[in-house]
Amino acid sequence: MASTLAALTHRGPVSRGPDPTGGRRAVVTVTEEGRAVPEQRRSGSVSRLARALHDCTPRARQAPHDVVPPLDRSAEAR
């Protein structure tokens, strides 16, 4: 865990400081840069999906609209 936190601290998504109550503990805080990571990854995923869907036929793009509602209803019925 210490090496993971050290790497994250070095890259910038978290900061690490002493615990105000003392001891060997540290306080780890997510930085603004760290808060942006999920959004950046989500944006990349959405962009890749949009490019993939662009290459699909209209029928293939319609398929999720046809399949997902019945699957949702089935999952909710359990």
Side-chain angles (χ1 to χ4, degrees):
M1 184 57 107
S3 61
T4 300
L5 286 174
L8 289 170
T9 301
H10 178 73
R11 290 193 337 234
V14 299
S15 64
R16 187 172 156 180
D19 185 332
T21 62
R24 295 179 52 194
R25 294 181 291 189
V27 175
V28 178
T29 307
V30 178
T31 63
E32 288 299 319
E33 181 182 342
R35 284 185 195 87
V37 169
E39 185 61 35
Q40 292 166 350
R41 289 194 175 164
R42 193 173 311 121
S43 294
S45 297
V46 169
S47 295
R48 286 189 299 279
L49 180 58
R51 284 192 303 273
L53 287 173
H54 178 74
D55 295 336
C56 291
T57 65
R59 183 174 181 201
R61 284 194 295 269
Q62 181 60 39
H65 296 283
D66 296 338
V67 174
V68 170
L71 290 175
D72 279 344
R73 287 191 295 276
S74 175
E76 289 173 1
R78 289 186 173 192

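This is a predicted model, so every value here is computed, not measured.
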What residues, two or more places apart in sequence or in another chain, satisfy side-chain hydrogen bond (donor to acceptor under 3.5 Å, both in side chains) together with R51?
none
For [X] versus [Y], what's the shortest heavy-atom pair and its separation?
X	Y	value
V27	D19	CG2-CA, 3.7 Å
P69	P64	CD-O, 4.0 Å
E33	R11	OE2-O, 3.2 Å
V14	T31	C-CG2, 3.7 Å
R16	L5	NH1-CB, 3.8 Å
R61	H54	NH1-O, 3.6 Å

Quiz question: by atom type and distance under 3.5 Å, do the side chains of R42 and S45 form a donor-acceptor pair?
no
Is the side chain of [X] donor-acceptor paired with the backbone N or O of [Y] at a distance under 3.5 Å, no angle test?
X	Y	result
R48	G44	yes
S74	P70	no
T9	S15	no

Mark yes when over 12 heavy atoms from residues, nucleotides or ligands other than R59 sit less than 6.0 Å from its CZ; otherwise mark no.
no
Is there a path of hydrophobic side-chain contacts, each under 4.5 Å between heavy atoms of I, L, V, M, F, W or Y residues, that connects V30 with V37?
no
